[in-house]
Amino acid sequence: MILAWMSPALFHGVWRLVLAQGATAALWSVVLRQPYWWFPIHLLFLPIAIAMLTLQLPSWLYLSVVLLLALVFWGTVKGDVPLFLSSNAVADAVAAIVEREHAGVFADLGAGVGSVAAPLAQQPAVKVDAWERAPLPWLITAWRCRKLPNAAVKRASFWDCKLARYDVVFAFLSPAVMAELGEKVRREMRPGSLFISSSFPVPAWQPESVVRIEDRRGTKLYCYRICNFSLPTGE
């Protein structure tokens, strides 16, 4: 292992037990069918903690990491979701849908670093609102859109966004919020408008179409047409 070569002292005594504990916790996360992202957390948390203590890193470094994480994941403590980045292929597919819909106003809920909003705003025919609460992603998106007069980058929660004015709404969020977001979409979006959810479907809703993207994740875009007062549901 690379760490063993860089610092053999880390692997004396208790270190093997630490590695065994991490591996055991990770395997139990599989047995208990926890979400996939828990596997690396269980596997690496204790080994990394012990390694950092052994390396005697300066205390200011820990504070810097905490501050950086707070700037990136600020909204998660208030009900928003962690930062997920969309691929260029997703941005291209969303742009094609917006063009096909002849959409004049578009919203990106939880815009992150502007992976979708910034490229789309380069099309002057559509007005783009990017909603992002976390300070650092918001700042990056604002910088990327600084010369695009048809883009508005709003540092606010997407839960505060009024959806009635938008022709197309895009979100790449989390399974944990899709049911609640679906209710918000149903209440607020106009009949005939389109809601696009990247990767995570709305529970019990039948999409009008599913666009499969050829990117590293094999992303799927679930496209929901807003109907009068209701949406089609699956079985």
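By convention here, the first residue in the shown sequence is residue 1. When reading the values below, keep in mind they use all heavy atoms of this one structure, side chains included, and skip hydrogens, waters and symmetry mates. The model shown is predicted, which means the values in this text are computed figures rather than measured ones.
- Separating the CZ atom in Arg212 from the CG atom in Leu221 is a distance of 10.5 Å, to the nearest 0.5 Å.
- No donor-acceptor pair closer than 3.5 Å links the side chain of Glu188 to the backbone N or O of Ala164.
- Counting heavy atoms from C-beta outward, Arg155 and Pro135 have side chains that approach closer than 4.5 Å.
- Although no hydrogens or angles enter the test, the distance criterion places a donor-acceptor pair under 3.5 Å between the side chain of Tyr224 and the main chain of Val202.
- Asp167 pairs by the salt bridge (charged side-chain N to carboxylate O under 4.0 Å, His left out) definition with Arg190, not counting sequence neighbours.
- Side-chain contact between Leu181 and Trp159: present, with at least one pair of heavy atoms (C-beta onward) separated by less than 4.5 Å.
- Between the CD1 atom in Ile226 and the CZ atom in Arg186 there is a gap of 10.5 Å [rounded to 0.5 Å].
- Panel note: side chain Asn150, backbone Ala125; no donor-acceptor pair is recorded below 3.5 Å.
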Inset, instruction - Start with the C-alpha distance between Val211 and Cys223, add both sets of side-chain angles, then the distance that settles side-chain contact (heavy atoms from CB on, under 4.5 Å), and finish with yes or no. - result: CA-CA 8 Å; Val211 179; Cys223 303; 4.2 Å; yes
Inset, instruction - Step by step, work out the side-chain contact (heavy atoms from CB on, under 4.5 Å) result for Gln122 and Leu148. - result: CA-CA 7 Å; Gln122 294 177 13; Leu148 301 172; 4.2 Å; yes
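- In this structure, NZ on Lys154 lies 13.5 Å from OG on Ser157, to the nearest 0.5 angstrom.
- Side-chain heavy atoms closer than 4.5 Å link hydrophobic residues (I, L, V, M, F, W, Y) into clusters, and following such links, possibly through other members, connects Val126 to Val105.
- Atoms CG and CZ, from Asp160 and Arg133 in turn, are 7.0 Å apart once rounded to the nearest 0.5 Å.
- Evaluation of the side chain to side chain donor-acceptor pair (under 3.5 Å) rule for Glu180 yields no partner, not counting sequence neighbours.
- The nearest pair of heavy atoms linking Phe172 to Ser198 is CD1-O, 3.4 Å.
- Summarising the geometry, atom CD belonging to Glu208 is positioned 10.5 Å from atom CD1 belonging to Ile196; distances are rounded to the nearest 0.5 Å.
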Inset, instruction - Kindly determine whether Phe158 and Leu173 satisfy side-chain contact (heavy atoms from CB on, under 4.5 Å), including the steps that lead there. - result: CA-CA 10 Å; Phe158 58 82; Leu173 298 174; 3.9 Å; yes
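- In terms of heavy-atom proximity, Ala179 sits nearest to Pro203 at N-CD, 3.8 Å.
- In the hydrophobic clustering of ILVMFWY residues, with side-chain heavy atoms under 4.5 Å counting as a link, Val98 and Leu109 come out together.
- Contact between Thr141 and Ala130 at its shortest, heavy atoms only, is CG2-CB, 4.2 Å.
- Using a 4.5 Å heavy-atom cutoff, the side chains of Val168 and Val94 are not in contact.
- Taking all atoms of both residues into account, the shortest heavy-atom contact from Pro201 to Ser199 is CD-O, 3.7 Å.
- Residues Leu27 and Val31 fall into different hydrophobic clusters, defined by Ile, Leu, Val, Met, Phe, Trp and Tyr side chains chained together at heavy-atom separations under 4.5 Å.
- Among all heavy-atom pairs drawn from Glu132 and Pro137, the shortest one is CG-CB, 4.0 Å.
- Among pairs with a residue in residues 87-101, those fulfilling side chain to side chain donor-acceptor pair (under 3.5 Å) read Ser87-Asp215, Glu101-Arg225, at least two apart in sequence or across chains.
- Between the side chain of Ser197 and the backbone N or O of Phe200 there is at least one donor-acceptor pair closer than 3.5 Å.
- At distances below 3.5 Å, at least one donor-acceptor pair connects side-chain atoms of Arg144 with backbone N or O atoms of Val113.
- The side-chain contact (heavy atoms from CB on, under 4.5 Å) test with Phe106 is passed by exactly one of Asp129, Ile97, Val169, Val116: Val116.
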Inset, instruction - Apply the test side-chain contact (heavy atoms from CB on, under 4.5 Å) to residues Phe170 and Val90: give CA-CA distance (whole Å), side-chain angles for both, the deciding distance (0.1 Å), then the verdict. - result: CA-CA 11 Å; Phe170 172 81; Val90 168; 4.2 Å; yes
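- The same ILVMFWY cluster, assembled from side-chain heavy atoms under 4.5 Å apart, contains both Leu120 and Phe195.
- Looking only at side-chain heavy atoms (C-beta outward), Trp205 and Val185 come within less than 4.5 Å of each other.
- In this structure a side-chain-to-backbone donor-acceptor pair under 3.5 Å is present from Lys184 to Cys161.
- Atom CD1 in Ile213 sits 10.0 Å away from atom OG in Ser86 (nearest 0.5 Å).
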